[in-house]
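To start, the structure itself, in structure tokens.
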Protein chains: 2
Amino acid sequence: MYAPERQQEILRLARDSGRVDVVSLAEEFQVTAETIRRDLKALDRAGLLRRVHGGAIPAGRLDFEPGLAERESTAADEKDRIAKAALAELPAEGTLILDAGSTVARMAAAIPPESSLTVVTHSLPIAARLADHPGIQLHLVGGRVRHRTHAAVDAWALRAYGEIRADVAVLAANGFSVEHGLTTPDLAEAAVKRAALTAARRVVLLADSSKYAQEHFARFGALDDVDLLITDNGLTPEDAGDLERAGTEVVRA
Amino acid sequence: MYAPERQQEILRLARDSGRVDVVSLAEEFQVTAETIRRDLKALDRAGLLRRVHGGAIPAGRLDFEPGLAERESTAADEKDRIAKAALAELPAEGTLILDAGSTVARMAAAIPPESSLTVVTHSLPIAARLADHPGIQLHLVGGRVRHRTHAAVDAWALRAYGEIRADVAVLAANGFSVEHGLTTPDLAEAAVKRAALTAARRVVLLADSSKYAQEHFARFGALDDVDLLITDNGLTPEDAGDLERAGTEVVRA
DNA sequence: CGTGCCGATGCCCGTTCATGCCTGATTGTG
DNA sequence: CACAATCAGGCATGAACGGGCATCGGCACG
């Protein structure tokens with residue numbers, strides 16, 4: 001097995017499980033720990049992994065708190081299905097706004113190489129993922145970067161979204177319901193989401209069913225601002241019916 | 001069997017099995033390893049295969065950024081020393097502008113955790129690296145993202161730098177000399193560098209000695225715009241003297 | 001039919017690369 | 001505060017590499 005293959009595999013493992021450790025990798029690949037360390041160092045320098053004592057964690061995580069691995073793995077299946085279903089809703093070409101969020105990030109990572117899109121995002125991990133994509137013209141929205149979500153917020157971000165007009169915005173929300181609309185815990189982030197929502201002709205919301213009927217501190221839109229909701233089949237058909245009556249098309253992936 | 005036929009077949013084998021190795025191919029086609037290496041090199045240059053030590057892997061199977069990885073390995077030692085020396089020039093607290101560039105990125109990665117800085121950057125890799133640094137308030141400069149350098153450029157970036165004032169800017173250049181000043185191959189990038197330079201009270205340039213006396217297409221400043229140049233000892237003391245007489249302090253790490 | 005050119009191939013040899021091993025320093029944990 | 005795990009750097013080794021040169025074989029042209 002060649003070094004780059006091994007590194008690629010390490011990267012995959014890291015992204016899948018949220019972290020890797022030197023000793024298990026050495027055993028797994030039948031090489032010494034030194035070699036693994038060299039691999040991790042290379043991946044670290046390339047910015048794909050973050051080296052920590054004893055192992056490494058994937059770079060560009062939405063947050064790196066201990067709770068993350070668990071949160072990531074929670075509903076991972078649903079998120080993947082949602083991301084895949086969302087891909088089908090993307091135009092083959094045109095302009096796209098991508099909100100910050102792990103499901104949106106998964107979708108972004110799966111955009112096929114032959115696409116020809118203009119993408120605007122204020123999410124650092126998504127931008128990092130798409131910067132190499134040959135078919136994508138990427139525009140980064142600046143601003144203060146929130147540690148927790150790695151998303152740009154505040155004046156620069158708001159102004160940037162105020163100056164553009166996109167075909168589709170793919171948004172994420174921490175909570176959604178007919179009564180309380182779209183909510184998220186942070187005010188600054190909500191303001192940016194609202195600006196992104198306003199800048200697009202068509203709004204697609206990606207949210208797994210655990211977000212349904214949740215409400216958080218900051219509201220950034222009403223449900224009927226959303227043209228299409230993509231969620232998983234944890235949402236009951238009755239709830240989906242309620243949402244559709246409120247004017248939002250619902251896809252249960 | 002003619003060379004193009006053989007290469008075609010090598011490509012097919014590589015795509016089928018995910019990898020090929022020099023020795024087996026040599027045996028398979030009854031030619032020497034040198035010939036296979038030449039074939040692989042040709043396919044690599046054509047972008048169809050990715051060459052690795054001992055063999056090759058079909059292109060697209062790895063998602064490394066070859067350009068970035070390659071630049072990382074060039075003059076890695078010098079760059080590390082320069083980056084380390086540059087750290088000593090950073091204020092303990094205050095506002096910092098970080099330009100795009102591998103040496104600057106290394107410096108950024110080495111900023112101690114106990115620092116308390118406000119950092120502004122238009123470089124995506126650097127931002128990704130600093131986004132979860134607890135002591136750093138990070139501000140991202142938006143704009144169109146260039147594939148080659150992963151840096152934001154154009155109107156949004158220029159305006160953002162026009163609106164701020166920082167204590168120190170850490171810049172990179174592809175070429176520097178007393179006569180031709182600071183140059184880089186891309187016009188858009190040069191404009192952003194100039195804006196960053198203008199926005200800072202003190203300008204530190206990181207450039208290894210191979211950049212000395214180089215000149216590239218786009219000029220973004222004169223040498224005396226630079227307060228401090230940090231380079232390696234590949235720069236002769238005489239050349240350093242010339243630079244100092246031109247008004248720039250020189251550190252040879 | 002001969003001849004000279006040129007690309008492809010093979011061979012040689014100094015250099016680089018990937019890996020493993022060792023040692024001393026560093027770090028995290030109990 | 002001490003112990004065990006982990007890390008970084010230096011060194012050794014065998015495989016792989018790359019450039020220079022010689023050879024071979026086809027092809028065009030006279």
Side-chain angles (χ1 to χ4, degrees), chain A residues 1-11 13-14 19-46 48-57 64-66 69, chain B residues 1-11 13-14 19-46 49-57 62 64 66 68-85 87 106-107 109-114 133-134 210 232 253:
Chain A
M1 171 171 264
Y2 304 125
E5 291 183 285
R6 196 177 47 236
Q7 290 167 10
Q8 182 71 17
E9 188 63 13
I10 290 174
L11 185 57
L13 285 171
R19 71 155 178 282
V20 287
D21 75 277
V22 174
V23 186
S24 335
L25 288 173
E27 201 168 301
E28 167 92 15
F29 292 111
Q30 289 290 301
V31 293
T32 57
E34 285 86 338
T35 302
I36 296 295
R37 285 202 201 94
R38 283 187 257 249
D39 289 337
L40 295 182
K41 190 194 273 186
L43 290 165
D44 181 55
R45 279 226 277 245
L48 284 71
L49 282 188
R50 178 68 51 92
R51 192 75 164 78
V52 297
H53 198 83
I57 57 177
F64 64 114
E65 302 166 35
Chain B
M1 169 171 268
Y2 298 116
E5 296 181 89
R6 193 178 49 238
Q7 290 171 11
Q8 195 62 28
E9 186 66 9
I10 289 174
L11 187 56
L13 283 171
R19 63 196 304 256
V20 287
D21 74 277
V22 174
V23 184
S24 328
L25 288 173
E27 203 168 298
E28 167 92 15
F29 292 110
Q30 288 293 301
V31 293
T32 56
E34 286 86 338
T35 302
I36 297 296
R37 285 202 201 96
R38 283 188 257 252
D39 289 336
L40 295 183
K41 192 195 275 184
L43 291 165
D44 183 49
R45 271 203 299 260
L49 283 189
R50 168 81 191 287
R51 192 73 165 83
V52 301
H53 201 85
I57 298 172
L62 297 176
F64 289 89
L68 199 88
E70 170 214 344
R71 255 174 297 158
E72 280 290 336
S73 62
T74 309
D77 269 10
E78 287 79 3
K79 288 179 180 197
D80 270 334
R81 286 205 307 280
I82 293 171
K84 198 159 175 210
L87 269 183
R106 280 173 191 232
M107 187 204 74
I111 294 177
E114 64 272 18
H133 192 299
S210 71
D232 57 84

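- Taking the salt bridge (charged side-chain N to carboxylate O under 4.0 Å, His left out) definition, one finds that A/Glu9 meets it with A/Arg12, sequence neighbours left out.
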_Stepwise side chain to side chain contact (heavy atoms under 4.5 Å, CB included) test for B/Val31 and B/Arg6_ = CA-CA 10 Å; B/Val31 293; B/Arg6 193 178 49 238; 4.1 Å; yes
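- For the pair B/Leu25 CG and D/dC17 P, the interatomic distance rounds to 11 Å; values are reported in whole Å.
- As a whole-Å value, the separation of A/Leu40 CG from D/dC7 P is 8 Å.
- Residue A/Arg37 contributes atom CZ, which lies 13 Å from atom P of D/dA5 at whole-angstrom precision.
- A/Pro4 approaches B/Val52 most closely through the heavy-atom pair CG-CG1, 3.4 Å.
- Residues B/Gly54 and A/Val52 both approach DNA chain D. Their nearest nucleotides, taken by heavy-atom distance, put A/Val52 toward the 5′ side.
- Between the side chain of B/His133 and the backbone N or O of B/Pro112, at least one donor-acceptor pair lies under 3.5 Å.
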*Take B/Arg81 and B/Lys84, measure what side chain to side chain contact (heavy atoms under 4.5 Å, CB included) needs, and give me the verdict at the end.*
CA-CA 5 Å; B/Arg81 286 205 307 280; B/Lys84 198 159 175 210; 5.7 Å; no
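- Regarding contacts with the backbone of D/dG19, a side-chain N or O of B/Lys41 is found under 4.0 angstrom from either OP1 or OP2.
- Fit an axis to the five pairs at each end of the helix from C/dC1-D/dG30 to C/dG30-D/dC1 and the two axes sit 40° apart, to the nearest 10 degrees.
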*Let me have a per-nucleotide readout for nucleotides 5-30 of chain C, 5' to 3', with B, S or -, counting only protein heavy atoms under 4.0 Å.*
----BBBB----SSBBBB----SS--
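- When all heavy atoms of A/Tyr2 and B/Arg19 are compared, the pair lying nearest together is CE1-NH2, 3.1 Å.
- Of the two residues near DNA chain D, A/Arg51 and B/Val22, the one whose nearest nucleotide lies more 5' is A/Arg51.
- The distance from atom CG of A/Asp44 to atom CG of A/Asp39, rounded to the nearest 0.5 Å, is 12.0 Å.
- The side chain of A/Val23 approaches D/dT6 more closely than any other nucleotide in the set D/dT6, D/dA16, D/dC7.
- Residue A/Phe29 comes nearest to A/Ile10 through the heavy atom pair CE1-CG1, 3.6 Å, listed as atom of the first residue, atom of the second, then distance.
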